[in-house]
Amino acid sequence: MVKKVLKFGGTSVGTIERIQHVANIIKKEHQSGNKLIVVVSAMAGKTNELIKLANDISEEFDSRELDVLLTSGEQVTCALLSGALIKLNVKAKSWLNWQIPILTDGDHTNSRIINMHVETINKYLDEKGIAIIPGFQGISKNGDVTSIGRGGSDATAVATAKLFSADFCEIYTDVDGVFSTDPNKIPVAKKIEKISYDEMLELSSLGAKVMQPSAVQTAMMYDIPLEVRSTFTDRKGTKIFSQENIDYSKSVTGVAYSRDDSKITIIGVADKPGIAANIFEPLSKAQINVDMVIQNISSDHKTTDITFTVKRDDVSKTKQILKTNSKINYKQIVQNEKVAKVSIVGAGMVSTPGVTYKMFRALSDELINILAISTSEIKLSVLIDEENTLKAVKKLHTIFDLD
Ligand code: ASP
Ligand code: MG
């Protein structure tokens, strides 16, 4: 017998039929003798609908009241799912944030879970009941209803697994798992059977939006084994755990790409100590995340060009800050928004020599020019012209044996 947390996302509980289907999945798990805590999201689209209602009253709708409003979505799903299980003659019961309680810290709409009371629910599990609890919501020290940020049900599931000492946390969603690249665009993409937390974090921060990255981070911190799988098929999903449990036959696990970066070049800045710091300090103070940086060699030893990337949404703010920065002089600022970042990710890269060279050679064979490069221990990213994105991803997917 194992103790499991099962989390069902919005699309998995998006209609009454789907809720009934989910109840059947849970019933089967329960019949195989497992202790189950089920975490649910609001029905697909519900949270957006509620936000719209609030905005119809005011664009600055009171955040305490917004939390009361938004958390109602998860309340609905808890009751419907619990009712569906009871209809199937399964012992089940729902609890809301304040009944458990799920204690949170921090501001309204952006709180974080710090503790949960476990005794009552544990006793119920011992009595062979299934506990249905809401994702995304909590209660503050003052007794106010709180929420933990959009997509927060993943974080609730992982926190629940940790606080209840569950053996596994399974994330049921509308895709089969984590893929070696975007299966919608590259049909040869394969489902990854096992992946480490670090790789998953790199892939999700690079655009593979299967699970909330902060929830993966928490799972990594407490070593909680995760599985992402589909609600709509019986196929095995992707297991996510710590690196020691994975044996790497391949140097690269996945190829990711994103099209939300922009390249900014400052032409003709002085080539002397302190300039880079003067450029980037105000950007970091403004919470602008600078990703790739390259500085050209200065041919005249007096001036140089510095190129870097930021998220497209941050471009105008970045330019504004550069223009009002009195500590730097330059000739010109140019920007290019038609760029894409393509990355290879793999914990196996650490022990395989030549991965970098192989990537660059493959891109040059396709006549793709590299505009910037950045690396971490398990990731290698290049910036290229946006029009070459899929060509590059396909090529890399093939040469690193992922097709
Ligand atoms: N219902 C919330 C949202 O849509 C939480 C979640 O689904 O994870 O953001
Ligand atoms: Mg969600």
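None of the values given here were measured: they were computed from a predicted structure. First listed ligand is number 1; within each ligand, the first listed atom is number 1.
Between the CG atom of Leu96 and the OG1 atom of Thr71 there is a distance of 8.5 Å, given to the nearest 0.5 Å.
Using a 4.0 angstrom heavy-atom cutoff, Gly152 counts as in contact with ligand 1. Within the structure, the closest approach of Gly135 to ligand 1 does not fall below 4.0 Å when heavy atoms are considered.
Each of the following atoms of ligand 1 lies closer than 4.0 Å to a heavy atom of Arg150: 3 (C), 4 (O), 9 (O). Counting the atoms of ligand 1 from 1 in the order shown, those under 4.0 Å from a heavy atom of Ser153 are 5 (C), 6 (C), 7 (O), 8 (O). Atoms of ligand 1 lying under 4.0 Å from any heavy atom of Glu74, numbered from 1 in the order shown and given with element: 1 (N), 2 (C), 5 (C). In the vicinity of Ser41, heavy-atom distances shorter than 4.0 Å reach the ligand 1 atoms 6 (C), 7 (O), 8 (O).
Shown are Lys311, Lys341, Arg312; of these, the salt bridge (charged side-chain N to carboxylate O under 4.0 Å, His left out) with Asp260 is made only by Lys311.
Pairs engaging residues 303-337 under the ring pair (Phe, Tyr, Trp, His ring centres under 6.0 Å) rule: Phe280-Phe308 [sequence neighbours left out].
Not a single donor-acceptor pair under 3.5 Å links the side chain of Thr11 to the backbone N or O of Ala44. Of the possible polar contacts, none joining the Asn296 side chain to the Thr304 backbone as a donor-acceptor pair under 3.5 Å is found.
The shortest N or O to N or O distance between Gly149 and ligand 1 is not below 3.5 Å.
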